[in-house]
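Right, one structure below, let's go through it.
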Amino acid sequence: MTQQGPVAEAATRKSPPADGERPWRTQLVRFDVRTLSLLGVLAVLVVIGGITQPDSFLDTDNVQLVLTQASVIGVVTVGMTFVIISGGIDLSVGAIVALASVWATTVATQEYGFAGILFTAVIVGMGCGLVNGLLIAYGGIVPFIATLAMLASGRGLALQITDGKTQMVTVDGVLDLGLRESYVLGIPPLVLVFAAVTVVGWLLLNRTTFGRRSVAVGGNAEAARLAGIDVRRQRLYLYLLSGLCCGIAAFLLIILSGSGQNTNGNLYELDAIAAAIIGGTLLSGGRGTITGSVLGVLIFTTIQNIFALNNLETATQQIAKGAIIVAAVLVQRRTAHTS
C-alpha cells in the first residue's frame, strides 16, 4: 500500500463549496436576512420622518416626490449594479446623464418631438457606454481610468453644447408626463419606468445566462474564461447596459426638470455606487442583487427627504451618507469573513 503525499492528500480533500454551489436554502436565508435588514432600516427612517414631520412626511404628495426622485438615480443604479457585480466600476454615469440630457434637448433635436428626444438620450447613453466598454474590454484600460476619462470628457462636451446655459424643453408630449394628470392610479410615470427597469434588471440578473456570466466574470474572470465565457465581450455588454440605463435616466430627468443642463447628474456616480453597496453588492465583484440596490436607493432618497423637511444642512446629509457607506462596507467584510 502506498502512502499519499501532501499534494495528493490536499487534492482529495473536499473543498468548501463556492457561493454558487451552496444549498439553495442557505442562499435564500442569506438573501432574506439582507433584504429584511434593509427593509428594517427603511421602516425606521419612515418612523423617524413621521415623528419629526408628521404633517408633511407621510403626505401623499411627499411620498410621490420621494419615489419620483428615487426613479432617476434608481435606473442608473440598476446599470451600476451589473457593472460592479462583474468586478468593474463606472465613474462616468453622472457625466453620461448630463451629456445625454443636453444633447437630447438641443433645438435641433426637439424638432423631432418626443421620439427624437427619447431616441437621442438613449443613443448618446449607449454610445458613451460603448466607448467605455471598448476601452476597458479591448483596450486593456482599467475601469477606474477609462470611466474617469469619460467623466471629464462627458462633462466638458455637455458644457460646450450648452455654453453653460439651461436648455428648456418645448415639446408638450415630454412636459405632459411630468404633470399630475398623467399619473396612473396616483403613480407618476417616472416611477412606473423605474419599476419596469427594476423588473427587467432582476430577470436579467437572476433568470438569464447573461446574469450568470456577469456574476462569473466578477467572481473569477480567469475561471470564467476557461469555462468558455468571452470575458471581454461580456464586459462590453455590461458597459453598454450601464450606458443604456444612463440614457433612460437622462430622459426621466428631462421630464422631471423640463430642461437639459450640463450640471445634471452631479455626483450620480457616488450615489449609485453607494446605493449598490448598501444593497449588498460587493465592490470586489461576484455578488449583488437588484432588490438590494433598489432598497439602497430608497433609503438614501428617504434620508435626503427627511433632512430637507427638517431644514438640515447639506453638509450634515453628506456626512451621514458617508457614515452609512462605511458602515455598509464594514458589514460586508464581516459577512465575508463569517460566510
(message) If I compare all heavy atoms of Arg180 with all of Asp61, which pair ends up nearest, and what's the gap?
(response) NH2-OD1, 3.1 Å
(message) Between Ile161 and Val124, is there shared hydrophobic-cluster membership here, with clusters defined by ILVMFWY side-chain heavy atoms closer than 4.5 Å?
(response) yes
(request) Could you check if a side-chain atom of Ser214 sits within less than 4.5 angstrom of a side-chain atom of Tyr237, using non-hydrogen atoms only? (result) no
(message) Is there a side chain to side chain contact (heavy atoms under 4.5 Å, CB included) between Ile303 and Phe307? Walk through the geometry before answering.
(response) CA-CA 6 Å; Ile303 290 174; Phe307 278 39; 3.8 Å; yes
(message) Within the structure provided, determine whether Val97 and Cys246 are in side-chain contact (heavy-atom separation under 4.5 Å).
(response) yes
(request) Could you check Val142, Ile141, Val131, Asp90 and say which one makes a side-chain contact (heavy atoms from CB on, under 4.5 Å) with Thr147? (result) Asp90
(request) Rounded to the nearest 0.5 Å, what's the gap from CZ on Arg235 to CG on Leu134? Could you check? (result) 14.0 Å
(message) Can you confirm whether Thr68 sits close enough to Leu256 that some side-chain heavy atom of one is under 4.5 Å from a side-chain heavy atom of the other?
(response) yes
(request) With the side chain counted from C-beta on, respond yes when Leu238 and Val217 share a heavy-atom pair under 4.5 Å apart, and no when they do not. (result) no
(request) Would you check if Thr162 and Gln261 make a side-chain contact, meaning some heavy-atom pair closer than 4.5 Å? (result) no
(message) Given 3.5 Å as the limit, does a donor-acceptor pair link the side chain of Ser101 with the main chain of Ala98, or not?
(response) yes
(request) Tell me whether Leu118 is reachable from Phe194 by hopping between hydrophobic residues (I, L, V, M, F, W, Y) whose side-chain heavy atoms are closer than 4.5 Å. (result) yes
(message) Test side chain to side chain contact (heavy atoms under 4.5 Å, CB included) on Leu65 and Gln69; report intermediate values, then the result.
(response) CA-CA 6 Å; Leu65 174 63; Gln69 292 175 337; 3.6 Å; yes
(message) How long is the straight-line distance from CD1 of Ile248 back to OG of Ser71, given to the nearest 0.5 Å?
(response) 12.5 Å
(message) With a 3.5 Å distance limit and no angle check, can you tell me whether Thr106 reaches the backbone of Thr109 through a side-chain donor-acceptor pair?
(response) yes
(request) Decide yes or no for Trp103 and Leu157: does some side-chain heavy atom of the first lie under 4.5 Å from some side-chain heavy atom of the second? (result) yes
(request) Mind checking the CD1-CG spacing from Ile299 to Leu38? Nearest 0.5 Å is all I need. (result) 5.0 Å
(request) Write down the atom of Ala104, the atom of Ala121, and the distance for their closest heavy-atom approach. (result) CB-N, 3.9 Å
(request) Treat each ILVMFWY residue as a node, draw an edge where side-chain heavy atoms are under 4.5 Å apart, and state whether Ile290 and Val200 are in one component. (result) no
(message) Is it the case that over 12 heavy atoms from other parts of the model lie below 6.0 angstrom from the CZ atom of Phe119?
(response) no
(message) Ignoring hydrogens and geometry beyond distance, is a side-chain donor-acceptor pair present between Thr105 and Gln110 at under 3.5 Å?
(response) no
(request) Can you measure from CG (Asp271) to CE (Met80) and round to the nearest 0.5 angstrom? (result) 10.0 Å
(request) Using side-chain contact (heavy atoms from CB on, under 4.5 Å) as the criterion, point out the one residue from Thr60, Asn62, Leu67 that pairs with Gln64. (result) Thr60
(message) Using side-chain heavy atoms (C-beta onward) and a distance below 4.5 Å, is Met150 in contact with Leu135?
(response) no
(request) Give the cluster check for Leu283 versus Phe144: same hydrophobic cluster or not, with ILVMFWY residues linked at side-chain heavy-atom distances below 4.5 Å. (result) yes
(message) One pair to check against side chain to side chain contact (heavy atoms under 4.5 Å, CB included): Val75 and Cys245. What are the steps and the verdict?
(response) CA-CA 6 Å; Val75 172; Cys245 289; 4.1 Å; yes
(request) Specify the closest pair of heavy atoms between Ile273 and Ile89, including all atoms of both residues, with the distance to one decimal. (result) CD1-CD1, 3.6 Å
(message) Quick check on side-chain contact (heavy atoms from CB on, under 4.5 Å): which of Leu298, Ile306, Thr301, Asn305 does Leu45 satisfy it with?
(response) Ile306
(request) Over all heavy atoms of both residues, which pair between Val169 and Leu175 is shortest? Give the atoms and the distance, please. (result) O-CD1, 3.6 Å
(request) Measure the CD-CZ distance between Gln234 and Phe82 for me, rounded to the nearest 0.5 Å. (result) 10.0 Å
(message) How long is the straight-line distance from CG of Asn262 back to NZ of Lys165, given to the nearest 0.5 Å?
(response) 12.5 Å
(request) Provide the closest heavy-atom pair for Val297 versus Ala70 in the form atom of the first, atom of the second, distance. (result) CG1-O, 3.5 Å
(message) As a quick check of understanding, evaluate side chain to side chain contact (heavy atoms under 4.5 Å, CB included) for Phe57 and Thr52, giving each step before the final call.
(response) CA-CA 8 Å; Phe57 180 76; Thr52 57; over 6 Å; no
(message) Quick check: do Leu295 and Ile278 have side-chain heavy atoms less than 4.5 Å from each other?
(response) no
(request) Search all heavy atoms of Ile73 against all heavy atoms of Thr77 and return the closest pair with its distance. (result) O-OG1, 2.7 Å
(request) Return the orientation label for the Phe251 and Phe114 ring planes: parallel under 30°, perpendicular over 60°, tilted otherwise. (result) perpendicular
(request) Indicate, with yes or no, if Leu241 and Leu99 share a hydrophobic cluster defined by side-chain heavy-atom contacts under 4.5 Å among Ile, Leu, Val, Met, Phe, Trp and Tyr. (result) no
(message) For the CZ atom on Phe210, are there more than 12 heavy atoms of other groups (residues, nucleotides or ligands in this structure) within a distance under 6.0 Å?
(response) yes
